[in-house]
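Here's the structure, in structure tokens; my notes come after.
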Amino acid sequence: MAENIDIKVANAMDLEGILKLQSENQISQGGTLSAELSRNQIEEMMTDMPQIVAYINDEIVGFLLTTSQAANRKRQVPIVDAMFSSYTPPNTNSYIYGPVCVSQSQRGKGLAQMMFNELLYRAPNREGILFIKSDNESSLRAHEKMGLKKVSSFNFNTAEFHVFSYLFSSNEAKEERK
């Protein structure tokens, strides 16, 4: 890849870029994101867990957002509650992985893997849990390739979703980041 990609932990300066990319990738815009988070929600997430962004030049071309179980319980998001009804993680230190979004121009270039590796480095030894709509074949393939395992399925608003989980040790995370 010839472009210079910078993967880092997001901060308040990254909010506009995250919101812009999120808006461009909503289902209503032809994207695959199932929900739209508000500025306040993303700001709260930044105080809770590492949020990962990918830059090329001065533009955010990807993000990977995460939320601890404790912070999620305060938010009460129905689709996440449905996910946890179908899969109960073995410990309370787990977190919700996602949403993850890569700009259309950068898809298929390994950017999601790079952001995932940074997240593993920043939050090792913790189980991550996510859901993917069953018809989102590119996301399903990408996450299976990254080593995530399907642990459950659930239905929400007439759509089927698959639940995936992962747990990598800090040593595995360091190796993946290289």
Taking distance alone, no hydrogens or angles, what donor-acceptor pairs closer than 3.5 Å link side-chain atoms of residues 40-47 to residues at least two apart or in another chain?
residue, atom, partner, partner atom, Å
Q41, OE1, S38, N, 2.7
Q41, OE1, S38, OG, 3.4
T47, OG1, E44, O, 2.7

Exercise. Can you list the residues that meet the side chain to side chain contact (heavy atoms under 4.5 Å, CB included) rule with S152, with sequence neighbours excluded?
Worked result: S86, Y87, V163
Name every donor-acceptor pair, under 3.5 Å, that has one atom in a side chain of residues 97-105 and the other anywhere in the protein, sequence neighbours excluded.
residue, atom, partner, partner atom, Å
Y97, OH, H143, NE2, 2.8
S103, OG, S105, OG, 3.4

For this session: Give a yes or no on whether I5 and I52 share a hydrophobic cluster (residues Ile, Leu, Val, Met, Phe, Trp, Tyr; joining criterion: side-chain heavy atoms under 4.5 Å apart).
Result: yes
Exercise. Does a side-chain heavy-atom distance below 4.5 Å link D14 with K8?
Worked result: yes
Exercise. V80 versus F84: any side-chain heavy-atom pair under 4.5 Å?
Worked result: yes
For this session: Take L111 and K109, measure what side chain to side chain contact (heavy atoms under 4.5 Å, CB included) needs, and give me the verdict at the end.
Result: CA-CA 6 Å; L111 202 54; K109 298 180 180 180; 5.5 Å; no
For this session: Could you walk me through whether K133 and L140 pass the side chain to side chain contact (heavy atoms under 4.5 Å, CB included) test, one step at a time?
Result: CA-CA 8 Å; K133 197 171 177 188; L140 291 167; over 6 Å; no
Exercise. Is a side-chain N or O of S134 found less than 3.5 angstrom from the main chain of E160, in a donor-acceptor match?
Worked result: yes
Exercise. With sequence neighbours excluded, what pairs up with D81 under the side chain to side chain donor-acceptor pair (under 3.5 Å) test?
Worked result: none
For this session: Check whether more than 12 heavy atoms from other residues, nucleotides or ligands sit under 6.0 Å from atom NZ of K149, and answer yes or no.
Result: no
Problem set entry | Counterpart residues, side chain to side chain contact (heavy atoms under 4.5 Å, CB included), relative to D48 (two or more places apart) | T67, S68, A71
For this session: Work out which heavy atom in A54 is nearest to a heavy atom in I7; give both atom names and the distance.
Result: CB-CD1, 3.5 Å
Exercise. For L130 and M83, which heavy atoms make the closest approach, and how far apart are they?
Worked result: C-SD, 3.8 Å
Exercise. Between Q22 and L37, is there a donor-acceptor pair closer than 3.5 Å when you use the side chain of the first and the backbone of the second?
Worked result: yes
For this session: Without swapping roles, check the side chain of R122 against the backbone of P50 for a donor-acceptor pair under 3.5 Å.
Result: no
For this session: May I ask whether F164 and I79 are part of the same hydrophobic cluster, defined by side-chain heavy atoms of I, L, V, M, F, W, Y residues being less than 4.5 angstrom apart, directly or through others?
Result: no
Exercise. Hey, what do you get for CG (L19) to CD (E36), rounding to the nearest 0.5 Å?
Worked result: 8.0 Å
Problem set entry | salt bridge (charged side-chain N to carboxylate O under 4.0 Å, His left out) contacts touching residues 15-27 (sequence neighbours left out) | E16-R39, K20-E24
Exercise. What is the ring orientation for F131 with F154, classed by angle as parallel under 30°, tilted 30 to 60°, or perpendicular over 60°?
Worked result: perpendicular
Exercise. Looking at CD1 of I96 and CG of N72, how far apart are the two atoms once the value is rounded to the nearest 0.5 Å?
Worked result: 3.5 Å
For this session: Please report the shortest heavy-atom distance between S153 and H162, naming the atom on each side.
Result: OG-ND1, 2.9 Å
Seminar exercise, completed: Minimal heavy-atom distance between A10 and V53, with the atoms involved, is CB-CG1, 3.7 Å
Problem set entry | Value rounded to 0.5 Å, distance of CD in Q69 from CE in M49 | 11.0 Å
For this session: Measure from the ring center of Y166 to the ring center of F116 and say whether it is less than 6.0 Å.
Result: yes
Problem set entry | N57 side chain vs E59 backbone, donor-acceptor pair below 3.5 Å | no
Problem set entry | Heavy atoms of other groups near E137 CD, more than 12 under 6.0 Å | no
Exercise. Atom CG in L65, atom CD1 in I18: separation rounded to 0.5 Å?
Worked result: 6.0 Å
For this session: With side chain to side chain contact (heavy atoms under 4.5 Å, CB included) as the test, would you mind laying out the steps for I56 and Q106 before giving the verdict?
Result: CA-CA 10 Å; I56 294 179; Q106 298 303 312; 3.4 Å; yes
Exercise. Is the backbone N or O of T158 less than 3.5 Å from a side-chain atom of N155, with the two atoms forming a donor-acceptor pair by type?
Worked result: no
Seminar exercise, completed: Between E127 and P89, the two heavy atoms sitting closest are OE1-CB, 3.4 Å
Problem set entry | Distance (rounded to the nearest 0.5 Å) between T66 OG1 and I129 CD1 | 12.5 Å
Seminar exercise, completed: Closest heavy-atom pair, V61 versus L21, reported as atoms and distance to 0.1 Å, is C-CD2, 3.6 Å
Exercise. How many angstroms lie between atom CE of M115 and atom CG of L120, to the nearest 0.5 angstrom?
Worked result: 12.5 Å
